[in-house]
Amino acid sequence: LNMERTYIMVKPDGVERGLVGEIIKRFENRGYQLLALQLLTPTKEHLEQHYADLKAKPFFPGLIQYMLSGPVVGMVWAGKDAVKTGRKMLGETNPLASAPGTIRGDYCIEVGRNICHGSDSVESAEKEIALWFPQGVADYQRNKSLTQLIYE
Ligand code: DAT
Ligand code: MG
């Protein structure tokens, strides 16, 4: 499995509801490495770029309006299989289809208020990281003997 980076974002309802710490805690507990963290109020243009693939969807205007309703917390997490495992930790797009134990499965019931975002592929992760962190993200080594099992 590959060492990957993924972009995880707490959406305005997640920030409003005080779920930032809970979401960070799950990625920390799982063993992922935090490379960047920021709270910001995005512009409409920024969000339209982030969700460019969904521009033709009927829910797009409502999605952008929701995402503009308050600040978001963006972060970059790194580690083995971070993109796919991050998505598993989030749950399904529709919270009602999300298993209990996932973030969406534990904290929401509305697809239009699903509290968090996670990149869906390595390619989109790298695009999103560049979009949200144009200044770049951290690059540092953790103590491998504590965070990784190494067979040698
Ligand atoms: P995900 O966030 O799981 O990657 P997506 O990229 O397909 O899902 O859509 C982005 C967001 O758009 C999603 O988190 C919530 C909203 N959305 C998706 N499908 C929707 C729908 N059918 N009705 C309302 N909002 C929807
Ligand atoms: Mg998506």
Side-chain angles (χ1 to χ4, degrees), residues 1-139 147:
L1 292 175
N2 296 323
M3 297 302 282
E4 296 172 351
R5 308 191 300 175
T6 190
Y7 178 67
I8 301 295
M9 175 165 59
V10 187
K11 296 178 177 181
D13 54 331
V15 176
E16 180 76 32
R17 292 175 54 194
L19 295 173
V20 174
E22 177 63 33
I23 292 169
I24 290 174
K25 187 175 77 172
R26 289 175 181 229
F27 282 86
E28 276 192 327
N29 284 355
R30 191 69 191 262
Y32 287 111
Q33 179 189 21
L34 184 62
L35 296 186
L37 177 65
Q38 74 182 346
L39 178 139
L40 89 170
T41 304
T43 63
K44 189 159 186 270
E45 291 66 36
H46 206 114
L47 289 166
E48 285 173 349
Q49 231 179 307
H50 174 78
Y51 281 127
D53 294 352
L54 301 173
K55 213 160 36 198
K57 301 282 185 189
F59 58 81
F60 186 76
L63 172 62
I64 298 298
Q65 193 181 13
Y66 153 55
M67 292 299 296
L68 280 168
S69 65
V72 299
V73 171
M75 43 199 144
V76 177
W77 291 95
K80 241 180 218 179
D81 205 29
V83 172
K84 189 155 64 66
T85 304
R87 293 280 294 190
K88 272 194 210 156
M89 290 167 66
L90 257 55
E92 301 297 320
T93 301
N94 182 351
L96 292 180
S98 300
T102 63
I103 295 167
R104 287 167 175 167
D106 284 347
Y107 292 105
C108 49
I109 50 175
E110 297 287 343
V111 67
R113 297 289 183 274
N114 63 6
I115 70 167
C116 52
H117 165 83
S119 308
D120 64 6
S121 68
V122 170
E123 191 193 0
S124 54
E126 289 303 321
K127 250 195 256 174
E128 291 169 2
I129 291 166
L131 175 67
W132 291 96
F133 294 98
Q135 71 275 29
V137 305
D139 175 19
T147 60

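Along the sequence shown, residues are numbered consecutively beginning with 1. The model shown is predicted, which means the values in this text are computed figures rather than measured ones. Indexing begins at 1, ligand by ligand and atom by atom, following the structure's order.
The Lys11 neighbourhood of ligand 1 comprises atoms 13 (C), 14 (O), with distances under 4.0 Å to a heavy atom of that residue. When each atom of ligand 1 is checked for a heavy atom of Tyr51 under 4.0 Å away, the hits are 10 (C).
When the side chain to side chain donor-acceptor pair (under 3.5 Å) test is applied to Glu48, the partners found at least two apart in sequence or on another chain are Lys44. Contacts of Arg5 classified as side chain to side chain donor-acceptor pair (under 3.5 Å), with partners at least two apart in sequence or in another chain: Glu126.
Ranking the protein heavy atoms by distance from atom 4 (O) of ligand 1 puts Arg87 NH1, 2.6 Å first. For atom 13 (C) of ligand 1, the nearest non-hydrogen atom of the protein is Asn114 ND2, 3.6 Å. Of the protein's heavy atoms, Leu54 CD1, 3.4 Å lies nearest to atom 10 (C) of ligand 1. Remark: minimum distance from atom 2 (O) of ligand 1 to any protein heavy atom is reached at Arg104 NH2, 3.2 Å. In this structure, the protein non-hydrogen atom closest to atom 21 (C) of ligand 1 is Phe59 CD2, 3.4 Å. Of the protein's non-hydrogen atoms, the one nearest atom 3 (O) of ligand 1 is Thr93 OG1, 2.5 Å.
With hydrogens and angles disregarded, no donor-acceptor distance shorter than 3.5 Å links the side chain of Thr85 to the backbone of Ala82.
For the residue pair Glu128/Ser119, the side-chain donor-acceptor check at 3.5 Å is satisfied.
The heavy atom nearest to atom 24 (C) of ligand 1, out of those in Asp53, Val111, Leu63, is found in Val111.
Taking any N or O of His117, backbone or side chain, none lies under 3.5 Å from an N or O belonging to ligand 1.
Taking the ring axis of Tyr107 as reference, the NZ or CZ atom of Arg17 does not stay both within 45° of it and closer than 6.0 Å to the ring centre.
Heavy atoms of His50 found under 4.0 angstrom from ligand 1: none, in either backbone or side chain.
We find that Glu28 and Lys25 are not joined by a salt bridge, their nearest charged nitrogen and carboxylate oxygen being 4.0 Å or further apart.
Taking the six-membered ring where tryptophan is involved, the planes of Phe133 and Tyr7 are perpendicular, since the angle between them exceeds 60° and thus also 30°. The aromatic rings of His117 and His50 lie perpendicular to each other, with more than 60° between the two planes, well past the 30° mark.
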